[in-house]
Amino acid sequence: MREPSVALVPAPGLRRIAGLSRPALVLLVLAALALISIACFMTLGARGSWSFIIPFRGRKLLALCLVAYSVAISTVLFQTVTNNRILTPSIMGFDALYILLTTATVFFLGAGALTGIDPQVQFGIEVVVMVVFSGLLFRWLFVGEERSLTLLVLVGIVFGILFRSLSQFMQRMLDPNAFQVLQDSFFASFATVDTSLLVVATVIVVLASLIMLRLAHTLDVLGLGRAHAINLGIDYRRTVVTILMLVSVLVAVSTALVGPITFFGLLVATLAHSLVGTSRHRYVLPAAALLAITCLVGGQTILERLFAFDTALSIIIEFLGGIVFITLILRRAAR
Amino acid sequence: MIVADGVTKSYGATCVVDGVTVTLPKGGITSIIGPNGAGKSTFLSMVSRLMSLDRGTVTVDGLDVTTTPSDVLARRLSILRQDNHMTARLTVRDLVSFGRYPYSKGRLTTGDKTHIDAAIGYLNLAELSERFLDELSGGQRQRAFVAMVLCQDTDYVLLDEPLNNLDLKHAVSMMQQLRRAARELGKTIVVVLHDINFASVYSDHIVCMADGRVAHEGPPDRIITSDVLTALYQTPVRVETIDGRRIGLYYE
């Protein structure tokens, strides 16, 4: 007979306020903030008929939420699997890889490849290629015996530069019309989100999340590091490769929708970890996603409605994220 | 019984473990001693599937460690290495609870909780159980990790230098607890030790490694002798019998 299952220990060592543990309280506050941002985004400065505003802003809202969710989840998963708190998929050049793939498609098949076929189908194909490539590339980096973090940072930077230079090289050789088509999709901009991919992006994100839920119980164990994870019976190679593939799918989604954003993931993952105060993924993952939604949707609302700015949000986010990155590196060096 | 047959590992041109063939008996405490760079840790990592083997085989009670599913082995054999740097922020109780993962896959049963409390009590961590690991001293953290491995409740427990960071009192009590686990719970404990006197007093079986090979093996009274230890460490070691225990003196 199976023993009765009891609830997991409620994150001990944390002070309770109004009967709630600290992580639960943090999640409640973050959820409220995210909801307020969403409400403001949908209603502030709305003039004209709601039947126009709701679908118009709704599409943009959905895109921002998908990007926020993908960036947050992919970063937290990546940091857990690689057992570090400094590297993120974009610092390791995952999004540069996506751009290289898209550029290569146009370069070898012509601009017709981008305009001719349904963007949703094209995106689906790119995601598959991305998964295969990143699977091969990052497998030898992260799956074998442990490597030093310094080596990983350097390899990541070298790969990032390689992918970007290759893309730029091909972009230079393209004819101006094809380049125009391509460039449109690469500017990181939250004001002009590419909404043509919403349906396929939503489907992909939901599928990725379902696979993640099935692996959810391994995440906390993987966070202990490779040796402990193997000791506790995780099928390390398979699990890590699966999670890295999920990460590359999510990166593809966010890059396709708004373009590359280097430090945003680092910003929300670091904040989420320090706010919830424990490394339990059941708290960290939702906290990071809610924070990302608040940052993107709230930040976009403030900039668009209060300051009438348009493209500055990515700059502000990169600025803050860059500062977090430098702080983390300096704190590590000081130790 | 752990049987290693022709186990070999090289990094580039350097052979770290060179065709080790050895049988670690079931039950009791087996110590692995030897100078730095003798390949002790590498050997232990290969036995516990943390590292791949270049050549050779390792079986644990007949199960080949390279082909047996990891979660089956996790209920037979546990390993704790020296370096346990942790990026995750966990309390002692959280960490010890992970020892039940091979059985519960994250959903702790009441039976699991009994094991967790027992392991925490076994290493006298009850007062620290709600503290975060990064708030503990090196020795306290070391005990928390050993508690996790004991909580895993495997027949074989492999520990790489478990006395690291421990003061005299805690080192002695750690070895006594390991001996109790071996005698009372019937566990097989394999430890890498640097202190030959701890190895002499607490082991049932000693394996000496040098230059990636097994130099000697046998019960303590055959290994802890002036000849064997002097040759093994390339340093004069005198062995005296004090209260019936063989103690090596090397403080010249």
Side-chain angles (χ1 to χ4, degrees), chain A residues 1-15 23 79-87 143-146 149 214-239 273-274 276-284 328 332 335, chain B residues 11 45 48-52 68-114 116 128-133 135 145 148-149 152 154 157-158 160:
Chain A
M1 208 175 76
R2 255 189 81 81
E3 286 160 301
S5 162
V6 292
L8 277 167
V9 215
L14 302 167
R15 267 166 248 106
Q79 293 195 333
T80 295
V81 163
T82 57
N83 210 14
N84 86 91
R85 290 288 159 74
I86 294 180
L87 297 183
V143 174
E145 275 134 36
E146 275 158 41
L149 194 62
R214 281 182 57 95
L215 292 173
H217 63 96
T218 65
L219 292 176
D220 284 339
V221 183
L222 286 171
L224 298 178
R226 178 176 178 276
H228 289 297
I230 295 178
N231 171 45
L232 293 172
I234 300 269
D235 185 349
Y236 188 76
R237 179 172 279 264
R238 224 190 57 191
T239 318
H273 274 294
S274 60
V276 297
T278 159
S279 299
R280 294 279 185 84
H281 283 82
R282 53 200 307 226
Y283 299 117
V284 175
L328 285 176
R332 217 184 140 80
R335 236 186 274 147
Chain B
Y11 295 116
S45 293
S48 55
R49 78 198 176 290
L50 296 183
M51 243 180 224
S52 58
T68 309
S70 195
D71 57 334
V72 175
L73 276 178
R75 281 172 250 142
R76 286 289 176 104
L77 170 141
S78 52
I79 166 84
L80 181 67
R81 296 205 304 178
Q82 311 172 40
D83 176 31
N84 290 299
H85 171 73
M86 184 111 327
T87 42
R89 187 170 152 81
L90 301 165
T91 63
V92 172
R93 176 172 281 277
D94 282 339
L95 181 75
V96 177
S97 311
F98 277 113
R100 300 312 295 168
Y101 182 82
Y103 306 90
S104 61
K105 304 282 184 237
R107 300 183 63 84
L108 297 179
T109 63
T110 42
D112 290 328
K113 300 197 103 178
T114 320
I116 295 165
L128 301 173
S129 68
E130 303 300 312
R131 295 261 292 275
F132 280 98
L133 290 178
E135 300 165 349
F145 279 108
M148 172 181 104
V149 172
Q152 206 176 326
T154 51
V157 181
L158 278 49
D160 194 351

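Below, chain A is the first sequence line, B the second, and so on; all start at residue 1. What's counted below: heavy atoms across the whole structure, side chains too, no hydrogens, waters or symmetry copies.
- Applying the side chain to side chain contact (heavy atoms under 4.5 Å, CB included) test to Asp160(B) and every residue at least two apart in sequence or in another chain returns Ser41(B), Leu44(B), Gln82(B), Val192(B).
- The minimum heavy-atom distance linking Ala229(A) with Tyr236(A) is given by the pair CB-CD1, 4.1 Å.
- Contacts between Leu73(B) and chain A at a heavy-atom distance below 4.5 Å are absent for every atom of the residue.
- Among Asp235(A), Thr80(A), Leu232(A), the residue with the largest count of heavy-atom pairs under 4.5 Å with chain B is Leu232(A).
- Counting heavy-atom pairs closer than 4.5 Å to chain A, the top residue among Ile116(B), Asp71(B), Val149(B), Val72(B) is Asp71(B).
- Of the candidates Thr91(B), Leu95(B), Asn84(B), Leu95(B) is the only one forming a side-chain contact (heavy atoms from CB on, under 4.5 Å) with Leu133(B).
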Criterion side chain to side chain donor-acceptor pair (under 3.5 Å) on Ser97(B) and Asp94(B), from CA distance to verdict
CA-CA 5 Å; Ser97(B) 311; Asp94(B) 282 339; 5.2 Å; no

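- Residue Pro102(B) comes nearest to Arg75(B) through the heavy atom pair O-NE, 3.3 Å, listed as atom of the first residue, atom of the second, then distance.
- For His273(A), no part lies under 4.5 angstrom from a heavy atom of chain B.
- With a 4.5 angstrom heavy-atom cutoff, Leu80(B) touches chain A only via side-chain atoms.
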